[in-house]
There are 2 protein chains.
Amino acid sequence: MDIAKLCKEKGLRLTGARRVIMQVLADTKDHPDAIELHRRVTMIDPGIAIATVYRTLNLLQEKGVLEKHVFNDGRARFESAEQAHHDHLIDVETGDVIEFRSDEIERLQEEIARRHGFEIVSHRLEIYVRPLRGSRGRKEGETP
Amino acid sequence: MDIAKLCKEKGLRLTGARRVIMQVLADTKDHPDAIELHRRVTMIDPGIAIATVYRTLNLLQEKGVLEKHVFNDGRARFESAEQAHHDHLIDVETGDVIEFRSDEIERLQEEIARRHGFEIVSHRLEIYVRPLRGSRGRKEGETP
DNA sequence: TTAATTGCAAATGGTTTGCATCCCC
DNA sequence: GGGGATGCAAACCATTTGCAATTAA
């Protein structure tokens with residue numbers, strides 16, 4: 001992602017704080033909350049306030065660059081809105097978040113909304129799971 | 001629901017505050033947050049503190065009587081765990097919450113979890129929707 | 001220049017907790 | 001009587017905001 005270009009497109013000033021925050025976001029593969037992001041950001045520039053992290057996150061969400069999720073712990077987490085839509089599998093024992101996508105579920109949701117007289121604005125599907133006894137987190141495609 | 005019996009089963013004392021709070025919960029058809037519940041509870045007994053409402057709610061959740069949901073506004077909402085499982089359709093324009101259930105989606109979720117080497121502990125599916133243009137919230141079974 | 005952005009600290013809003021008192025069992 | 005339950009107020013924690021100082025364009 002070209003940070004300079006993105007800022008220009010969205011009419012945002014490319015400041016030092018934003019450069020750092022957006023770089024951390026770009027390097028992020030997991031689903032950190034604002035406090036964890038601030039922790040990572042201050043490792044690069046200790047002068048950046050958490051208020052700036054929140055303001056940047058909210059700004060990017062409003063501009064459609066990020067998506068905000070609130071899981072059951074009540075804290076907000078952010079992830080890039082650019083990637084293809086997906087849902088989350090959350091391991092309740094470790095807190096790990098695994099992304100997945102099911103076109104069939106997507107289709108069924110559309111159908112349900114329509115049947116009730118609505119159109120979908122967005123949705124969230126979170127499946128809270130624990131490893132199968134006798135299994136060790138077998139991955140997609142592996143055979144039992 | 002027999003409140004006295006429920007308390008005895010769960011080893012809880014049947015106090016005045018609990019009687020009122022559980023009665024309000026039993027009479028509730030919508031999905032109020034703790035503050036709204038406290039509002040309703042204090043209409044019956046103005047002396048009940050919001051701390052007691054929170055303590056009772058958390059207690060009933062631990063005992064498996066209630067389920068806790070945190071929607072995108074960050075506030076916790078509670079509903080009886082006894083009723084059949086269902087998911088939520090949330091009208092973004094009015095905040096209305098509509099319950100629905102899709103056995104097919106349930107089945108697909110099981111399959112996805114299993115394929116990743118997990119078993120499901122619980123899940124949440126929330127579809128944020130808006131009324132279809134030209135429709136007025138047509139209900140299940142009605143024809144266009 | 002000058003309006004947007006930031007840091008700081010104080011304010012918010014939902015939720016939890018310490019403690020003295022109260023009251024079911 | 002005694003330990004669980006309650007009310008109150010203070011504490012918590014994530015998030016937001018007012019404001020003066022800073023800075024990108």
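Protein chains get the first letters and strands the later ones, always in sequence-line order, with residue 1 at the start of each. Heavy-atom basis, side chains included; hydrogens, waters and symmetry copies ignored. What you see is a predicted model; the values in this text were computed from it and never measured.
The interatomic distance linking B:His38 (NE2) with C:dG13 (C1') rounds to 15 Å, in whole Å. Taking atom OH on B:Tyr54 and atom C1' on C:dG13, their separation rounds to 9 Å, with Å as the unit. Per the geometry, CG belonging to B:Leu37 stands 14 Å off C1' belonging to C:dT15, to the nearest Å. When rounded to the nearest whole Å, the span between CZ of A:Arg39 and P of D:dA14 equals 9 Å. Look at CG on A:Leu57: it is 15 Å from P on C:dT5, rounded to the nearest Å. Residue A:Arg55 contributes atom CZ, which lies 10 Å from atom P of D:dG18 at whole-angstrom precision. One can place CZ of A:Arg75 at 13 Å from C1' of D:dT15, the figure rounded to the nearest angstrom. Atom CZ in A:Arg13 sits roughly 13 Å away from atom P in C:dT2 (whole-Å rounding).
A side-chain donor-acceptor contact under 3.5 Å links B:Arg124 to the backbone of B:Val70. Side chain of B:Arg18 to main chain of B:Arg13: a donor-acceptor pair is present (N/O by atom type, distance under 3.5 Å, no hydrogens or angles).
Within 6.0 Å of the NZ atom in A:Lys10, the count of heavy atoms belonging to other residues, nucleotides or ligands exceeds 12.
In this structure, B:Gly16 reaches neither bases nor backbone, as no heavy-atom distance under 4.0 Å exists between it and the strands shown. Backbone-only contact: B:Ile48 has heavy atoms under 4.0 Å from sugar-phosphate atoms and none from a base. If you check every strand for non-hydrogen atoms under 4.0 Å, B:Leu14 touches sugar and phosphate atoms only. Across all strands shown, A:Asn58 has heavy atoms under 4.0 Å from sugar-phosphate atoms exclusively, and none from any base.
For A:Ala51, the listed nucleotide lying nearest its side chain is C:dC8; candidates were C:dC8, C:dC25, C:dT6. Looking at the side chain of A:Leu12, the nearest of the listed nucleotides D:dA5, C:dT6, C:dT5 is C:dT5.
Using a 4.5 Å heavy-atom threshold, the side chains of A:Glu9 and A:Lys63 count as separate. A:Gln109 has its side chain within reach of B:Ile105: a pair of non-hydrogen atoms, C-beta onward, lies under 4.5 Å apart.
For the pair A:Gly47 and B:Lys68, both in contact range of DNA chain C, the more 5′-proximal nearest nucleotide belongs to A:Gly47. In this structure, B:Arg19 and B:Asp33 both approach DNA chain C, and ranking their closest nucleotides by distance from the 5' end singles out B:Asp33.
Here A:Thr15 does not reach the OP1 or OP2 of C:dT5: none of its side-chain N or O atoms lies under 4.0 Å away.
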